[in-house]
Amino acid sequence: MEREPLGVVGVGWVGLVTAACFAELGHEVWARDIVPEKVESLSRGEVPIHEPGLPELVAKNAERLHFTTDMGDLLERTRLLFVCVDTPPTYSGDADLSRVEAVLGELGDSNEHALVMKSTVPVGTGRSIQRRRDGVGYVANPEFLKEGTAVGDFMKPDRVVVGANDESEEYADNVEALYAPLGAEIVRTDVASAEMIKLASNAFLATKISFINEIANVSEELGADVREVARGMGLDDRIGPKFLQAGVGFGGSCFPKDVQALKQLAGNSGYHFQLLTAVVEVNELQKRRTIGKLQKHLGPLPGKEIALLGVAFKPNTDDVREATSLVLAGRLAGEGANVRAYDPVAGRKAEDMLAGASIAESALEAVDGADAVVLVTEWPEFAELDWTGEVKKRMRVPLVVDGRNFLDRDKLVAAGFTYEGIGR
Ligand code: UGA
């Protein structure tokens, strides 16, 4: 049986991973983005984002992967359109659906295509589109991939969610069949529930992080070690060990946005989602707690030299959206400190966003003459630095605030460092 080619609209993180992985599964894929430079570089085989394994996958499947700026190409060649455009937060916290609307506009009146919505959209979006566009095929197929492990997450998902309403069940069957080779559990449900599964999953994980961060903060006061606490809690099957790492708060393009969006969505429906208000607030405070830890040891910060290790919101990505580093750099600049930041891949990208900070070319350059090092992102190379030798020699004051409990505290303390972790 000849397989029909698949369309992907929007070639960001989700779109590119989706396109490359479906190509890897043997499909012809047409992917469209409105940014000509992106399409040109992808057509040359250059991947514009830092995502492990993705350049290899794109290269390996180059023959089956086609990139274009022309929506006409997609409409002509494909029937299923995986919509992967971004839905960033508006000022009010609602999701901005203008890019989704633009795709609908480009579809015209044709009902020959079905939209498979991978973008994260408010609950109710699918229904509203179907109401307005009588007869259009619509399948909700939210994405759960994590940046940094996106290819593996796509190929070995915990579950695949496929939501459809009566008139689109046939399209949903097609979508289900596309994922069948992955062998994952398929959650077949209605559109609104599929939309809610996505938002609720992200909101729950964010809640888990804010929860453990609060346990960490209390542990600091009461003499417990949050890593031990998380280990003990995580062995309970009902809790699970993942997403219990205390740190300097969650960032990225998803958790902050989706928590806010769900809160807002609930509010618009007349329900005050109390828990999520706290999740957001705890996260904001967590990002700023580092300042207090620095002041505790250094006193007032004007003129102090602070090295930020890590700019990306987490390791293995060059994404700096909602990264804690940006908030910290801003606060430190506000306190009068001089900040030098280093990130293995995201430094230059973030230059304009790191209020007043300068970008170092290496971790050692960043720590040179520093009164404190703040480790913001747990890049593996930071663990391998020669802390007790070269780093200590270069620093003016051997103070480390380890925002991810990532470094070997005992070794640092034995070498004469003052060490501040999170929740220990
Ligand atoms: C998140 C979800 O994990 C994905 O399932 C989802 O598909 C994605 O959002 C999305 O909606 O597109 P992502 O934002 O790539 O993925 O990153 P995560 O690995 O989930 O990390 C988010 C933030 O939480 C990072 O800042 C990380 O440092 C922080 N985090 C994570 C912690 O502070 N502690 C933890 O234990 C885990």
Side-chain angles (χ1 to χ4, degrees), residues 10 12-18 49-52 54 84-89 95 117-121 141-154 156-161 195 197-217 226-227 229-231 233-234 239-262 279-280 282-284 286-287 289-290 310-328 343 346 375-379 402-406 422-423:
W13 235 286
V14 172
L16 187 54
V17 171
T18 301
I49 50 176
H50 180 88
E51 181 61 43
L54 192 55
C84 306
V85 295
D86 55 341
T87 50
M117 191 58 71
K118 276 199 142 340
S119 301
T120 303
V121 293
N141 174 219
E143 184 50 65
F144 299 98
L145 56 81
K146 304 181 285 300
E147 291 180 19
T149 55
V151 173
D153 290 341
F154 188 100
K156 279 186 186 299
D158 290 342
R159 79 305 209 182
V160 172
V161 175
E195 292 166 341
I197 288 171
K198 167 70 191 194
L199 287 177
S201 299
N202 272 0
F204 186 81
L205 291 170
T207 304
K208 220 174 161 186
I209 299 170
S210 275
F211 182 86
I212 200 68
N213 282 339
E214 290 218 279
I215 294 290
N217 299 343
V226 73
R227 294 168 322 149
V229 177
R231 185 162 65 96
M233 287 170 63
I239 299 174
K242 294 183 182 159
F243 281 69
L244 281 183
Q245 274 159 42
V248 283
F250 58 78
S253 62
C254 303
F255 285 175
K257 160 181 90 110
D258 291 350
V259 171
Q260 204 64 45
L262 181 52
V279 169
V280 173
V282 167
N283 197 47
E284 288 312 310
Q286 196 70 12
K287 290 183 180 177
R289 270 177 75 86
T290 303
V311 176
F313 82 96
K314 64 173 190 177
N316 294 318
T317 178
D318 58 352
D319 199 340
V320 298
R321 284 177 285 181
E322 299 282 335
T324 297
S325 60
L326 306 183
V327 174
L328 271 179
D343 189 282
L375 188 138
V376 187
T377 317
E378 65 277 37
W379 281 100
D402 181 357
R404 300 286 176 187
N405 288 336
F406 183 58
I422 306 281

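Residue numbers count from 1 along this sequence. Order of listing sets the numbers, starting from 1, for every ligand and every atom in it.
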For Ile209, is at least one N or O under 3.5 Å away from an N or O on ligand 1? no

Look only at interatomic distance and state if Glu378 has a nitrogen or oxygen under 3.5 Å from any nitrogen or oxygen of ligand 1.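 In this structure, Glu378 places no N or O atom under 3.5 Å from an N or O of ligand 1.
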
Give a yes/no verdict on whether any heavy atom in [X] is under 4.0 Å from an atom of ligand 1.
X: Lys208; answer: no
X: Asp258; answer: yes
X: Gly252; answer: no
X: Thr120; answer: no
X: Arg404; answer: yes
X: Gly247; answer: no

How close does the nearest protein non-hydrogen atom get to atom 36 (O) of ligand 1, and which residue and atom is it?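 Checked against all protein heavy atoms, atom 36 (O) of ligand 1 sits closest to Gln245 N, 2.8 Å.
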
Looking just at side-chain N and O atoms, do Ser201 and Arg159 make a donor-acceptor pair shorter than 3.5 Å? yes

Are Phe144 and Ile197 close enough that some pair of their side-chain heavy atoms sits under 4.5 Å apart?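 They are in side-chain contact.
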
Below 4.5 Å, heavy atoms only, C-beta onward: do Ile209 and Gln286 meet side chain to side chain? no

